[in-house]
Every structure is written in C-alpha cells, then in structure tokens.
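Everything on this sheet refers to the single structure shown next.
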Amino acid sequence: MSLLSPIMAVVLVLAGAVLIVGLARRIWLYAVTPAPLRIPTTPAPFTRTGAAFRVGREVMLFESLFKADKLLWLLSVLFHLGLLLVLVRHLRYFLPHAPEALVFIQPFGKLGGIAMVVGLAGLLARRIILPRIRYISSATDIGTLLLLMAIGASGLTMTYFIHTDIMGLKAFLASIPHFDLQPIPDDAPLVIHLLLVAGLLMIAPFSKLLHMAGVFFSPTRNQCDDARTRRHVAPWARPYDQQR
Amino acid sequence: MADFEVPPLAEDIDTAAPPALAPNAMAHLKTFPAAPAHNEALGFPGQLVENWQERAIEKMGELLEKYRSLRVYLDSCVKCGACADKCHYFLGTGDPKNMPVARQDLLRSVYRYYFTPAGKLLGRLAGARKLTEAVLQEWYTYYHQCSQCRRCSVFCPYGIDTAEISMAAREIMDHIGLGQKYSNEIIGKVHKIGNNLGLPEPALANTLEGLEEDVRDATGVDVKFPLNVKGAEVLLVTPSADFFAEPHVDGLIGYAKVFHQAGVSWTLSSHASEAANFAMFIGSYDQMHKVANRIRQAAIDLGVKRIVFGECGHAWRVAYSFLNTLAGPWDFLDPRYPRPQHILEFTHDLMTRGGIRFDKDANAGMVVTMHDSCNVARASGMGDRPGGQFTIPREVIKACVPKFVDMHPDTIHEKTFCCGGGGGLLTDDLMELRVKGAKPRMDALKQVVERDGVTNMVAICAICKSQFTKVMPKYGFDMGMVTSLHQLVSRAIRLGPGA
C-alpha cells in the first residue's frame with residue numbers, strides 16, 4: 001500500500017476534527033455571549049415558538065433574502081439546496097447498506113450536484129459583473145466560491161466521466177476508525193475531490209462559512225418580541241439595578 | 001455649510017435604478033467632534049488618548065464579550081450584497097461606503113485583523129486591516145453617516161443589523177476620546193437640566209401655561225397641561241421638541257385634548273421632561289440606563305399609575321424594547337395597561353371603545369399619507385399583535401381625515417425609509433447627508449403627491465418631523481406638509497360633554 005492512503009486518512013480525520021472542534025468552539029462562544037437588550041427586527045413573533053419558526057424560515061426558505069433580491073435568492077437556493085441533496089446522497093458512501101430512501105434520492109443528488117455548480121457559477125458571475133458586489137468582494141470571497149465549484153466539478157467528473165471505485169472508497173472510509181487501513185482508490189479526481197473537501201472543512205470555522213452557525217444565533221431573528229412583559233437583564237448588567 | 005447638489009427625484013420609482021458607485025463621495029463630511037467638556041461629562045476621555053489604538057482594540061474585545069449581536073454579526077456576513085442597495089444614505093449619495101455591508105466592513109476588517117486567525121494569517125486577502133489613524137477617521141466619518149434605522153437588517157439573510165455595529169463603533173470611539181458633539185452635548189443636557197433642549201423647569205411651566213391659553217382661545221375649552229402633579233394617573237413622557245417646535249407642538253396639544261376628553265388625569269415631569277434617549281445612538285448601555293431611570297424616578301416621585309410616551313421614534317424603541325430591562329420592573333404601575341404605553345395605543349383604545357369621537361370635516365380637503373418612523377416600524381411595536389405599529393396609527397388617521405393613501409409598498413411598514421436625520425445625525429453639520437439621505441422618502445412622496453394629490457405626510461417621531469420640515473423644501477415640497485399624527489387628532493376630536 002502506498003503512502004497515499006495513510007496520508008489521506010490523516011488529512012480527512014484532521015479536517016473533520018478541525019471542523020467539529022472549531023465550529024463547536026464558535027457555537028459555544030455565541031451561546032455564552034449575552035444578548036443584553038431585545039433587538040428583534042419587528043414586526044416579530046410574540047412567542048419563542050414563533051421566533052423559532054422565523055429562524056426556521058430563514059434557514060429553509062431564505063425568507064429575508066427573498067425580500068431583498070429575487071435573482072440572488074434563486075442562485076442561493078440552487079446552490080444550497082443542491083449542496084443539501086449532494087450531502088444526503090453522499091451518506092451512502094459511509095453506510096454499509098444504503099436504505100431505500102437513500103437509493104431513491106440518488107438521481108436527485110446527481111441533479112443537486114449540477115444545480116449546486118450552476119448556482120455557484122451564477123454567484124461568481126454576480127460578484128464579478130455587478131459593481132456593487134465587486135466592490136464588497138475580497139479575495140477570500142472569490143476563493144471560497146472557486147473552492148466550492150472545484151469540489152462540485154471534481155465530484156461531477158466522477159459521477160459522469162471518470163468513475164471511481166466506489167466499493168474501494170467505501171472500504172477505505174469504513175476502515176479508518178478501525179486502524180486497519182484499506183487502500184484508497186488512487187484516482188486523481190477522487191484524491192483531488194477529497195483534498196478540496198478537507199480544505200473546505202478546515203476553513204469553515206474561520207471564515208464567512210460561519211454564517212451556517214450564525215444564522216441560528218442572530219438576535220434580530222431568534223428573539224421574540226416580549227420586552228414589555230419580560231425583563232432581559234444580562235449577567236454583566238445586573239449591578240446596574242443596584243445603582244439607581 | 002459647503003455647497004452640494006440636491007439629487008434629482010426619480011421620475012418613476014418602480015423603474016429607478018440604484019445610483020452608480022461614487023467612491024468617497026461623502027468622505028469629506030465629518031460631523032463635529034465633541035469638546036472635551038462634553039465627553040468628560042459622560043465619563044469619556046476628553047480627547048483622543050495617547051494609546052488610543054490599544055484602548056480601542058481592548059474595548060472592542062470587551063464589547064465582543066458583552067454583545068452576542070456584535071460577535072455573530074462580525075462573523076456571519078457572506079458579502080452577498082442583499083443589503084447593498086437598501087440604505088437611504090447609499091441611495092442618496094452613491095458612496096459605496098454607505099452600503100451597509102461596506103459600512104460594517106470598516107469595523108469587521110479590524111475585527112478580523114486582531115481577533116481572527118484568518119485575518120492574522122492572510123491580512124488583506126481576508127479583508128483584514130490594522131487600526132490606523134486613517135481607519136479611525138473612516139470610522140468616525142461613516143459611522144456618523146448611519147442613522148441606525150435597521151432597514152438593512154430586514155433584508156439580510158442572517159438579520160445582520162448595521163445599527164448594532166455602528167453603535168459599537170461609536171462606543172469604541174467615545175472610549176478613546178473621539179465622541180460626537182451633537183449626541184454627547186445633548187446627553188449632557190439631559191443629565192443636567194432634564195431634556196435635550198436644555199429647557200429648565202420655569203421655562204417649561206411657562207410654555208405649558210401659554211399652551212393652555214392658546215387652546216382656551218381657540219376652542220373655549222379649558223384643556224390643562226399639568227406639570228409635576230403628584231398623584232396623577234398618567235405620566236406623559238414626550239420629546240422636548242413637542243414643547244415648542246412645529247409641527248410637534250400641535251401633536252402635544254392633541255395628546256392634551258385626548259386626556260382631557262377621556263377624563264384621565266395626567267402630568268408631565270420636569271425631572272423627565274424628555275422622552276428621547278440619545279445614549280442609544282452612541283451605544284452606551286451605561287448612559288442609556290442613566291437616562292432611562294430618570295423616568296422611573298419621576299414615575300415613583302409623582303406616584304403615577306401609568307406611563308405614556310408621546311410621538312417619538314427612537315424613544316419608543318427604548319421605551320418598548322429596553323425600558324423594562326433598563327428601568328423596570330414596573331410592578332408599581334397599573335398592570336391592566338401596557339407598561340409603558342404609546343400615546344397612539346391610548347388614543348386608539350379610547351377611539352375603539354367610543355370614549356372619544358372625531359369629526360373628519362375638521363380636516364376637510366386633506367389627503368394624508370404616513371411616513372412610518374424607522375424605530376417604531378422595525379424596532380418596536382404597538383398593541384397586542386405584531387404589526388400593530390402599522391395598523392394602529394393608520395386607523396387613527398383614517399378616523400380623523402377624509403382620505404388616506406399609502407406610499408409605495410417598498411417604502412412603508414417594515415420597509416420604510418429613514419427620514420435621513422435619525423441616529424444622532426439631526427445636526428446642521430451633517431446637512432448634506434440629511435438632504436441626500438431623504439431622497440428615497442421624497443421619491444415615494446412625490447409619487448403619491450402626483451398620483452393622489454397628497455397634501456400632508458404624517459410622522460410619529462420628533463426627529464422625522466424636524467428633519468422633514470428642514471429638508472423637504474430642498475425638494476420643492478412645502479414644509480407645512482409635515483404633520484404630527486395627534487395634530488390631526490387635535491383638529492378632529494370633539495371636545496366637551498356629550499361630544
């Protein structure tokens with residue numbers, strides 16, 4: 001067995017660890033940082049359930065973005081929904097036996113891959129063409145889009161052109177936790193695909209990809225409108241009550 | 001005041017495109033910095049401290065620990081640009097740094113440099129920059145070109161609120177000795193005299209007596225304007241502009257007539273003769289707490305059962321969203337009413353129960369539209385259901401006037417445009433910004449004036465009223481179009497027994 005398999009195993013495990021630890025640290029930080037004043041963007045729901053639904057609509061339907069810009073909304077939905085289908089489809093590489101639902105979703109997953117790349121291409125074009133968006137784009141904004149596109153393109157290459165040894169990949173992945181490493185198929189598209197994914201996982205906790213956690217913690221969205229009936233004194237603000 | 005061109009109004013707002021980028025178009029406009037005495041009165045250093053850079057980063061670190069909004073919002077922006085064409089100051093000036101995302105980035109870039117590994121590692125590539133003198137000047141310029149109206153937060157897919165960021169930036173600047181004259185001087189006056197205008201108790205008493213005479217002369221009815229009356233049912237807290245500015249004072253007369261006709265005893269307080277709380281504009285919890293607790297003190301001293309707020313946008317935000325937290329609990333007030341209550345909730349409630357009646361003929365010939373004030377629309381509420389801040393004022397207006405029309409749907413309710421003078425920017429040294437920032441609202445007003453013959457635009461905020469009376473003439477509108485909501489009430493309400 002070449003060095004490739006252990007190297008890839010280490011890279012993937014490391015990337016997963018960075019993602020999980022990094023994201024967990026960030027989420028923890030968001031959760032423990034107080035929100036000393038009620039600032040929901042109103043009109044806002046009066047109940048916490050209502051606020052949870054509002055966040056749910058932001059996460060699943062991109063409600064506010066729809067209000068802002070229909071084309072951007074469409075491109076974003078293409079990308080995110082595509083990515084979601086792709087991720088679900090990928091579960092089958094980690095499960096010994098794919099359940100029926102997962103088999104059913106495979107063709108949609110393939111479509112998702114295409115939708116994702118099309119959406120990303122549109123988002124990139126927007127960044128380059130529209131003066132306002134070009135003005136606010138930095139190298140990392142373009143870089144993140146290119147990275148995601150490369151991941152999508154390398155994946156689609158394997159789906160449609162240069163098939164890889166899926167059973168071999170499954171065996172490799174399944175063997176990682178057992179320290180009894182099976183060889184990874186040494187196909188270039190596969191290795192490139194996995195390295196890019198590892199890169200994405202590693203930058204996620206340190207980049208704007210944090211929006212996936214931030215959206216759940218946004219006070220303007222997740223707070224309900226109840227400040228007239230409930231006090232919300234932050235721990236650091238408690239001494240103020242004694243000062244008056 | 002430097003010369004500048006008033007932007008031409010859109011021919012048709014449905015097809016009008018956002019302006020072309022005009023980099024640094026507003027870089028020259030810096031609001032006056034506060035004098036040392038104004039900063040020191042609020043506990044801030046008098047002038048820029050020696051180690052300002054270090055102190056600024058330290059303060060930023062402290063705010064990141066204290067405010068979830070700041071931490072989450074600095075991390076989460078993906079630069080999608082959904083907000084880019086939503087800010088009235090961008091739409092009026094074309095300066096790209098007035099796009100909400102770009103305004104946030106002025107602070108975010110520094111955050112990334114000092115607080116994130118990506119910024120430390122990649123620097124400019126990750127949009128990170130050191131806090132230099134030039135960056136600080138940029139902060140001062142552009143964080144005082146944000147009226148904290150939160151329109152951007154409506155459209156952001158993560159709800160990022162630029163107001164939170166500009167408040168943090170102003171708080172950092174205050175803590176290194178770079179305060180803004182307008183806001184800090186006014187907060188000092190509130191502490192010292194009790195209101196933004198520096199109107200002392202005898203002058204206030206005198207003004208109120210004058211109003212009583214005026215109303216008696218005009219209506220023959222003895223409507224009172226009580227001050228410091230112990231044991232009154234209601235404490236009215238209203239912006240001090242209501243005491244003499246036009247059209248504000250006509251609103252105050254309206255509140256007084258409503259209380260009179262309802263038979264509810266009420267009083268103003270000289271200790272809390274101001275609803276405004278400019279401490280919100282500078283992001284200072286400490287100052288906001290002090291200013292808010294004057295109202296608590298006044299309510300306790302006078303032994304009132306209810307607190308009612310007059311027409312004022314940001315004051316209502318502080319009252320509705322923060323007052324309970326800052327100055328509550330209100331267990332000594334009557335629990336049957338909202339604590340605190342908006343004057344419009346009071347009037348609307350009476351109107352619905354038949355306690356007051358209106359005569360629309362008193363406002364004959366008027367075609368009225370309404371400017372939703374940003375802080376009422378997007379940062380607070382009214383009544384017992386979400387969106388009451390839109391329906392309640394409109395129902396009261398419609399009861400008082402023969403014809404009401406709304407402006408373009410993208411410019412009302414939660415999508416309303418700021419008047420251009422909110423957030424501590426209602427100062428003559430920012431007149432160019434104020435005029436240009438009013439353009440989106442003027443565009444929408446022009447449409448209803450031409451289409452529906454609108455004669456009056458109602459506002460329910462002292463800042464909106466002052467701003468519009470000043471800038472509307474620049475766009476060719478009569479400043480008399482600006483109307484207090486309770487001015488309509490004042491004219492239409494039937495006074496006297498059996499009315």
Side-chain angles (χ1 to χ4, degrees), chain A residues 26 29-30 33-46 58 62 64-65 67-69 72 76 123 126-127 130-133 135-141 143 203 206-211 213-215 217-221 225 227-234 236-237 240 243-244, chain B residues 18 20-21 64-69 71-73 75-86 96 99 101-102 105 116-118 122 125-127 150 153-161 164 285 289 293 296 320-322 324-325 327-329 338-339 377-381 386-387 389 414:
Chain A
R26 219 62 208 166
L29 212 54
Y30 294 160
T33 308
L37 293 166
R38 273 316 213 211
I39 58 164
T41 306
T42 57
F46 283 1
E58 290 294 0
F62 303 177
S64 296
L65 191 58
K67 283 183 210 163
D69 184 334
L72 175 57
S76 305
L123 292 172
R126 209 176 143 268
R127 248 180 223 295
L130 298 181
R132 284 197 299 277
I133 317 302
Y135 180 90
I136 57 174
S137 299
S138 70
T140 46
D141 296 316
I203 62 165
F206 310 104
S207 66
K208 66 176 188 176
L209 299 176
L210 275 173
H211 70 274
V215 65
F217 288 93
S218 174
T220 61
R221 295 294 182 269
D225 174 3
R228 261 203 298 192
T229 46
R230 280 186 51 193
R231 298 189 77 204
H232 299 275
V233 182
W236 62 260
Y240 281 98
Q243 283 173 22
R244 56 192 193 196
Chain B
L21 296 188
L64 285 166
E65 303 281 319
K66 282 180 157 179
Y67 291 93
R68 183 186 296 161
S69 54
R71 193 181 275 292
V72 171
Y73 294 157
D75 273 350
S76 300
C77 178
V78 300
K79 320 292 167 84
C80 73
C83 62
D85 58 349
K86 304 299 187 286
M99 296 189 290
V101 44
D105 276 352
T116 72
L122 298 175
L125 286 178
R150 312 180 90 209
S153 85
V154 169
F155 299 99
C156 174
Y158 319 110
I160 298 175
D161 180 4
E164 291 293 305
Y285 193 97
H289 185 270
N293 273 283
R296 180 185 180 85
Y320 181 92
S321 296
F322 306 157
N324 193 14
T325 298
R339 301 174 286 187
R378 288 187 283 264
S380 55
Q389 68 267 47
E414 62 175 354

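Please read all numbers here as calculations on a predicted model, not as lab measurements.
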Practice item. Can you tell which part of A:Leu72 gets under 4.5 Å to a heavy atom of chain B, answering side chain, backbone, both or neither? Key: side chain
Review point. Which of parallel (below 30°), tilted (30 to 60°) and perpendicular (above 60°) describes B:His289 and A:Tyr240?
Key: tilted
Check your understanding: Which of the residues A:Leu210, A:Asp225, A:Leu209, A:Thr33 is involved in the greatest number of heavy-atom pairs with chain B at under 4.5 angstrom?
Key -> A:Thr33
Check your understanding: Can you tell me if B:Tyr320 and A:Thr42 form a side-chain donor-acceptor pair at under 3.5 Å?
Key -> no
Exercise for review: Just give me the residue among A:Gly214, A:Ser207, A:Pro219, A:Ala237 that pairs up with chain B most often, heavy atom to heavy atom, under 4.5 Å.
Suggested key: A:Pro219
Exercise for review: Would you mind telling me which of B:Gln389, B:Arg68, B:Glu414, B:Met99 has the largest number of heavy-atom pairs within less than 4.5 Å of chain A?
Suggested key: B:Arg68
Revision key, fill the gap. Of the listed B:Ala126, B:Cys83, B:Gly381, the one with the largest count of heavy-atom pairs under 4.5 Å with chain A is B:Ala126
Review point. Looking at A:Arg126, A:Gln243, A:Arg127, which one has more heavy-atom pairs under 4.5 Å with chain B than the rest?
Key: A:Arg127
Exercise for review: Please determine, among B:Ala118, B:Pro338, B:Ser69, B:Cys80, the option with the most heavy-atom pairs under 4.5 Å with chain A.
Suggested key: B:Cys80
Revision key, fill the gap. Interface check, chain A: of B:Pro329, B:Gly127, B:Gly81, most non-hydrogen pairs under 4.5 Å belong to B:Pro329
Point to revise | Donor-acceptor pair, side chain of A:Glu58 and main chain of A:Ser64, under 3.5 angstrom | key: yes
Point to revise | Inter-residue atom distance B:Cys77.SG - B:Lys79.NZ, 0.5 Å rounding | key: 5.5 Å
Review point. Heavy-atom distance under 4.5 Å to chain A: side chain of B:Pro117, backbone, both or neither?
Key: side chain
Review point. What part of A:Arg38 gets closer than 4.5 Å to chain B, counting heavy atoms only: side chain, backbone, both or neither?
Key: both
Check your understanding: Looking at A:Ala35, A:Ser218, A:Ser138, which one has more heavy-atom pairs under 4.5 Å with chain B than the rest?
Key -> A:Ser218
Revision key, fill the gap. Honestly, the part of A:Ile39 sitting under 4.5 Å from a heavy atom of chain B is both
Exercise for review: Would you mind telling me which of B:Arg150, B:Glu65, B:Arg71, B:Lys66 has the largest number of heavy-atom pairs within less than 4.5 Å of chain A?
Suggested key: B:Lys66
Revision key, fill the gap. With chain B, the option among A:Arg26, A:Arg221, A:Lys67, A:His232 that has the most non-hydrogen atom pairs under 4.5 Å is A:Arg221
Check your understanding: Which one, A:Ala227, A:Ala68, A:Ala139, A:Pro45, leads in non-hydrogen pairs under 4.5 Å with chain B?
Key -> A:Ala68
Review point. Which answer fits A:Ser76, side chain, backbone, both or neither, if we ask what part of it has an atom under 4.5 Å from a heavy atom of chain B?
Key: neither
**Study point:** Toward chain B, the part of A:Tyr135 with a non-hydrogen atom under 4.5 Å
**Key:** side chain
Check your understanding: For B:Arg339, is it the side chain, the backbone, both, or neither that has a heavy atom closer than 4.5 Å to a heavy atom of chain A?
Key -> backbone
